[in-house]
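A short write-up of the structure that comes next.
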Protein chains: 2
Amino acid sequence: MSAGDLLSDRLRDRGFRVTMQRRAVFDAVVALGHGTPESILRKAQEVDATLNLSTVYRNLEVLEDIDLVRHAHLGHGSPTYHVAHEHRHLHLVCSVCNSIVEVPVETADSLVELLADRHQFAVDIDHFAIQGRCAQCR
Amino acid sequence: MSAGDLLSDRLRDRGFRVTMQRRAVFDAVVALGHGTPESILRKAQEVDATLNLSTVYRNLEVLEDIDLVRHAHLGHGSPTYHVAHEHRHLHLVCSVCNSIVEVPVETADSLVELLADRHQFAVDIDHFAIQGRCAQCR
DNA sequence: GTCTATGCAAAGTTTTTGCACCTGG
DNA sequence: CCAGGTGCAAAAACTTTGCATAGAC
């Protein structure tokens, strides 16, 4: 039967129900690439205008739980959510102009290896942004 | 007259006034090594029990402005403040047990160089923590 | 039909702001 | 004095929670 899309399969496998709200939240994350809970709400409300912010928070937690979504901290404000395994990159945040540049995660391979070797620490390198000053502002 | 301590000098140089609250906040940061606004308040209140949280926030901002204090993001919660130029190290935060390990900033030198060369980005490498899984939890 | 998920409203947390009073220079 | 700093209270921003109802299976 059903071709079974990734979202439905993953939800059901883990005992979660497939609801239109979950689909709307996931689709919003996909569409945005990156989004805060607030921006994800606004995007998802294009599909379902009655969708509630608390539903967004609850579903982002579920989507992270089933490894479809991840979040990163890019600054002082709300965390940013993105699709897991897509858009894997470091975020360079400029402390002067707040611009964000994305660079390949491989850029940090040597650091990742060092931390593994010296400290047996398995780095999730893109969870936090890297702050500094960009080419224009330095 | 006054030997002129660092705090007074730096404040006056930049046109800020020297108040006992500023001294208490700065002393608390020094004493704690690392502290959230809340923990800094508690520490500073040992000296001045009437000190207010909003004064702590305002003065941490001033102290950062005059480069005596810096803050880092170690997780989802409040930022952590520390004395500038002291305690320079990376924070490895375990996503499982939340333990924090400090490692020398030099560990990331190769990443810092790469970002400077390739992206003309001047990294403030210890502003954000590095998340991952520690030796025990991996 | 059962049990999870949702909407709504309220509360919790953390940080910021307005304002009258206080104080350093 | 007087501009800047402080305490207090209120507001703002962000996130979580309780509960009655709706909806997935």
Side-chain angles (χ1 to χ4, degrees), chain A residues 1-2 4-5 7-28 35-42 44-45 47-66 68-69 71-81 98, chain B residues 1-2 4-5 7-29 35-42 44-45 47-66 68-69 71-81:
Chain A
M1 45 153 293
S2 82
D5 64 321
L7 176 62
S8 310
D9 292 348
R10 208 67 84 80
L11 283 170
R12 274 195 275 260
D13 283 355
R14 295 284 306 273
F16 292 107
R17 291 180 178 174
V18 181
T19 65
M20 98 173 187
Q21 288 88 345
R22 277 180 184 148
R23 204 172 288 281
V25 170
F26 182 63
D27 289 349
T36 60
E38 194 64 51
S39 68
I40 291 166
L41 173 69
R42 283 195 303 271
Q45 282 184 334
V47 175
D48 172 7
T50 70
L51 191 76
N52 195 273
L53 225 205
S54 57
T55 302
V56 172
Y57 276 102
R58 286 188 280 228
N59 283 335
L60 286 172
E61 196 179 330
V62 168
L63 293 172
E64 281 206 279
D65 206 31
I66 62 177
L68 284 183
V69 159
H71 76 271
H73 296 279
L74 269 48
H76 297 206
S78 303
T80 298
Y81 290 79
N98 293 309
Chain B
M1 44 149 287
S2 81
D5 64 323
L7 176 62
S8 311
D9 292 349
R10 207 68 84 81
L11 282 169
R12 273 193 278 260
D13 283 355
R14 295 283 306 273
F16 292 107
R17 292 182 179 173
V18 180
T19 66
M20 97 171 187
Q21 288 87 344
R22 278 180 184 150
R23 202 171 288 281
V25 170
F26 182 63
D27 289 348
V29 174
T36 59
E38 192 64 49
S39 68
I40 290 166
L41 173 69
R42 284 195 303 272
Q45 282 184 334
V47 175
D48 173 6
T50 70
L51 191 75
N52 195 272
L53 226 204
S54 57
T55 302
V56 172
Y57 276 101
R58 287 188 280 228
N59 282 336
L60 286 172
E61 197 179 330
V62 169
L63 292 172
E64 281 206 278
D65 207 31
I66 63 177
L68 284 183
V69 159
H71 76 270
H73 296 279
L74 268 47
H76 297 205
S78 304
T80 298
Y81 289 80

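Heavy atoms only: backbone and side chains are in, while hydrogens, waters and symmetry mates are out. Residue numbers begin at 1 in each chain, while the letters A, B, ... track the order of the sequences. Just so it is clear, the structure is predicted and the values come from calculations on it, not from any experiment.
Between B/R23 and B/D5 there is a side-chain heavy-atom pair separated by less than 4.5 Å.
Between atom CZ of residue A/F26 and atom CD of residue A/Q21 there is a gap of 16.0 Å, rounded to the nearest 0.5 Å. Of the inter-residue distances, the one linking B/D65 atom CG with B/F16 atom CZ reads 4.5 Å to the nearest 0.5 angstrom. Atom CG of B/L68 is separated from atom CG of B/L63 by 6.0 Å, given to the nearest 0.5 angstrom.
Across all non-hydrogen atoms, the minimal contact from A/N52 to A/L41 is C-CD1, 3.9 Å. The minimum heavy-atom distance linking A/I66 with A/R14 is given by the pair CG2-CG, 3.8 Å. Residues B/A28 and B/I40 come closest through the heavy atom pair CB-O, 3.7 Å. Contact between B/P37 and B/S78 at its shortest, heavy atoms only, is CD-CB, 4.1 Å.
When the C1' atoms of four end pairs are superposed on the next four at each end of the helix from C/dG1-D/dC25 to C/dG25-D/dC1, using five pairs per end, the two resulting axes differ in direction by 30°, to 10°.
By the ring pair (Phe, Tyr, Trp, His ring centres under 6.0 Å) test, B/Y81 pairs with B/H71, sequence neighbours left out. Remark: A/D27 engages no residue in a salt bridge (Lys or Arg N to Asp or Glu O under 4.0 Å) (not counting sequence neighbours).
A donor-acceptor contact shorter than 3.5 Å is absent between the side chain of A/R22 and the backbone of A/S8.
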> How does each nucleotide of nucleotides 20-25 of chain D score, in 5' to 3' order, for protein heavy atoms under 4.0 Å: base (B), sugar-phosphate only (S), or none (-)?
Replying inline: ---BBS
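At whole-Å resolution of the value, CG in A/L41 and P in D/dC14 are 13 Å apart. Distance CG (A/L74) to P (D/dC14): 15 Å, rounded to an integer number of Å. Protein atom CD of B/Q45 is 14 Å distant from nucleotide atom P of D/dT6, rounded to whole Å.
With no hydrogens or angles considered, a side-chain donor-acceptor pair links A/H73 and B/H76 at under 3.5 Å.
Between B/S78 and A/N52, the residue whose closest nucleotide on DNA chain C is further toward the 5' end is A/N52.
A/L53 comes within 4.0 angstrom of a nucleotide base, judged by non-hydrogen atoms across all strands.
Within a 6.0 Å radius of CD in A/E61, no more than 12 heavy atoms belonging to other residues, nucleotides or ligands are found.
Where DNA chain C meets chain A (any atom under 4.0 Å from a heavy atom), the bounding nucleotides read 5' to 3' are C/dC3 to C/dC8.
Across residues 54-62 of chain A, A/S54, A/T55, A/R58, A/N59 each have a non-hydrogen atom less than 4.0 Å from an atom of DNA chain C (numbered order).
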